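Note sheet for the following structure.
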Amino acid sequence: MKKSLVFAALLVPALALAQPKSSDDWYKEGETQYNLGEFDKAADAFKQGFALETNDSKKPAYLYNVAQAYRQGGKCKDAAFFYKRYLSLKDQDTVKPLKPEKRAEIEQKITELEECARTAESIAKKPPDNTLPNEGGNKTGTGTGAGTKTGTGTGTGTGTGTKTGPTVGSGGGEGEGEGEGEGEGEGEGDGGGGAVTGQFMVKPRTLNARFVGGVGKVSMGDVPTGIKPAITITGGYPVVTQGSLSVDVGVSLNFTPMPYENGLTGAKETGTMTTAVANAAATINVAPKIAVRGDLGLGALFFGGLKMGNPFTEGAAATSGSLGMFALRLGGSLDYGLTPNVSATVTPLALTYSPAKDGLRSGSIIQLDFMVGVGYRM
């Protein structure tokens, strides 16, 4: 008994000495527990370090790491809270403010985590919410589920899930058990701690817009037209964001100048072709930074600026205003993410078709465009 008391008396000071003392010690302890996959312990250690940290510029990193640990541990609600606290502190940081692309990335994580929390709460409330009674014999049932998540600063992640459901029955009874588990992990380097990467480009939530310019080949029967410059502005509101697919609806405007020589005066004149359509677009992310997009638009084409002597109307007649006609526009694009919000886009082919309009010399108007530009998501 005396030996046990002596041993305990020696052990208590040793354990006390082994505990972290400073904020830096707690930070290192948090990193160690994070790398070992002990995410709850990592979160607790980073919290302890935050409480002791006296340098305000270092405090946001502790909150970010707490959020990372909770997210890796599957605690969506807690992770979202600490990401928000991190953003709140960074808003006050005038020395090293948060970059817009990093803020957009974290806000995207918060949105996903809040959805995760709502889903978990919904599942928890679904019936049945009671246990099964032990009836008719000796019943044992076991079920285990495990999910582990790890994220490293090299941008890699592993996830494992196990599912077992052994049953044991005796004495005329029978048992059943079921368990499930899943895990996933992704990582990116940030201040020495693990973080998460996924889709590079932000999923559009309120706007998917683009501005492109290039050249168009206009075909109007036997009327000589040639290659013309063309620009297109498109904006849409996302109505579907499911996995790698997003669908948005909005409007698209295309403008093409149509220079011509007046057959009566010999003067250089310029007509205009403006296409305005209601547009629907589907975008699929095929890689973190690459997306493929298709557009379908229905609306009208307006052909204006046609003076007496123009080559486009019958009898070279002038028009009192713009000639309006139905327009169908189809296009395909390839996007490459420059930042989470901004992408470079190439439209190798966009087709605009309008059927014959009374008063024009030609029949249908067909325009083929090749364009490059930029897109913006938010």
Side-chain angles (χ1 to χ4, degrees), residues 16-114 116-117 149-157 185-202 205 288-289 337-342 376-378:
L17 290 173
Q19 287 293 319
K21 296 295 184 181
S22 68
S23 58
D24 288 341
D25 291 337
W26 282 112
Y27 190 94
K28 292 176 183 178
E29 175 68 12
E31 286 185 319
T32 299
Q33 296 300 334
Y34 189 97
N35 290 330
L36 291 175
E38 299 288 347
F39 300 119
D40 285 342
K41 292 181 180 179
D44 290 341
F46 287 127
K47 288 180 183 179
Q48 294 278 6
F50 176 86
L52 295 175
E53 183 59 65
T54 58
N55 187 337
D56 289 343
S57 66
K58 291 183 178 180
K59 284 191 172 185
Y62 289 92
L63 297 181
Y64 183 86
N65 289 345
V66 172
Q68 290 291 93
Y70 277 137
R71 189 176 58 77
Q72 294 283 44
K75 295 186 175 181
C76 301
K77 185 176 180 180
D78 292 334
F81 173 82
F82 280 97
Y83 279 129
K84 290 178 181 178
R85 296 303 306 143
Y86 168 75
L87 292 179
S88 178
L89 283 193
K90 290 301 288 183
D91 286 341
Q92 305 169 33
D93 188 349
T94 58
V95 178
K96 191 178 179 182
L98 198 61
K99 294 181 179 179
E101 56 268 25
K102 186 65 176 178
R103 169 174 287 277
E105 176 189 332
I106 294 173
E107 288 175 344
Q108 178 71 15
K109 289 176 183 176
I110 291 172
T111 299
E112 294 171 353
L113 287 165
E114 289 177 338
C116 165
K149 295 182 181 182
T150 63
T152 70
T154 60
T156 63
E186 303 170 87
E188 69 179 27
D190 188 349
V196 175
T197 58
Q199 177 177 306
F200 178 79
M201 290 187 285
V202 168
R205 300 290 182 182
K289 291 189 176 184
L338 302 176
T339 73
N341 296 94
V342 179
Y376 180 76
R377 300 177 173 191
M378 65 176 292

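For this chain, numbers begin at 1 and follow the sequence in order. Here the structure is a predicted model, which is why all the values come from computation and not from measurement. Just so you know, these numbers use all the heavy atoms, side chains as well, and skip hydrogens, waters and symmetry mates.
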When you look at Lys90 and Asp93, which way does the salt bridge (Lys or Arg N to Asp or Glu O under 4.0 Å) test go after all the steps? CA-CA 5 Å; Lys90 290 301 288 183; Asp93 188 349; 3.1 Å; yes
Evaluate the criterion side chain to side chain contact (heavy atoms under 4.5 Å, CB included) for residue pair Arg205 and Gln108; output intermediate values, then yes/no. CA-CA 10 Å; Arg205 300 290 182 182; Gln108 178 71 15; 3.4 Å; yes
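- Within a 6.0 Å radius of NZ in Lys28, no more than 12 heavy atoms belonging to other residues, nucleotides or ligands are found.
- The shortest non-hydrogen separation linking Ala42 to Gly30 is CB-O, 3.5 Å.
- From Arg85, atom CZ reaches atom NZ of Lys59 across 11.0 Å, with rounding to the nearest 0.5 Å.
- From Tyr86, atom OH reaches atom CG of Leu98 across 4.5 Å, with rounding to the nearest 0.5 Å.
- Between Met378 and Val202 the shortest side-chain heavy-atom distance does not fall below 4.5 Å.
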Could you walk me through whether Glu112 and Lys109 satisfy the salt bridge (Lys or Arg N to Asp or Glu O under 4.0 Å) test, starting with their C-alpha distance in whole Å, then the side-chain angles of each, then the deciding distance to 0.1 Å, before giving a yes or no? CA-CA 5 Å; Glu112 294 171 353; Lys109 289 176 183 176; over 6 Å; no
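- Residues Val66 and Phe50 fail the side-chain proximity criterion, which asks for heavy atoms closer than 4.5 Å.
- Side-chain atoms of Glu114 and Tyr83, non-hydrogen and from C-beta on, never get closer than 4.5 Å to each other.
- In this structure, Leu113 CG and Asp78 CG are separated by 10.5 Å, a value rounded to the nearest 0.5 Å.
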Run the numbers on Ser22 and Asp25 for side-chain hydrogen bond (donor to acceptor under 3.5 Å, both in side chains), then give the verdict. CA-CA 5 Å; Ser22 68; Asp25 291 337; 3.2 Å; yes
Run the numbers on Glu107 and Leu87 for side chain to side chain contact (heavy atoms under 4.5 Å, CB included), then give the verdict. CA-CA 9 Å; Glu107 288 175 344; Leu87 292 179; 4.1 Å; yes
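- With contacts defined as side-chain heavy-atom distances shorter than 4.5 Å, the pair Phe46/Trp26 does not qualify.
- With values rounded to the nearest 0.5 angstrom, Glu105 atom CD is found 11.0 Å from Ile110 atom CD1.
- A donor and an acceptor atom, one from each side chain of Gln72 and Tyr34, are located under 3.5 Å apart.
- Here Leu338 contributes atom CG and Met201 contributes atom CE; the two are 9.5 Å apart, rounded to the nearest 0.5 Å.
- Looking at every heavy atom in both residues, Ala104 comes nearest to Asn341 through CB-OD1, 3.4 Å.
- With contacts defined as side-chain heavy-atom distances shorter than 4.5 Å, the pair Asp91/Arg103 qualifies.
- Asp40 is listed as a side-chain neighbour of Lys75, based on a closest heavy-atom distance under 4.5 Å.
- If you take CG on Leu63 and NZ on Lys47, they are separated by 10.5 Å, rounding to the nearest 0.5 Å.
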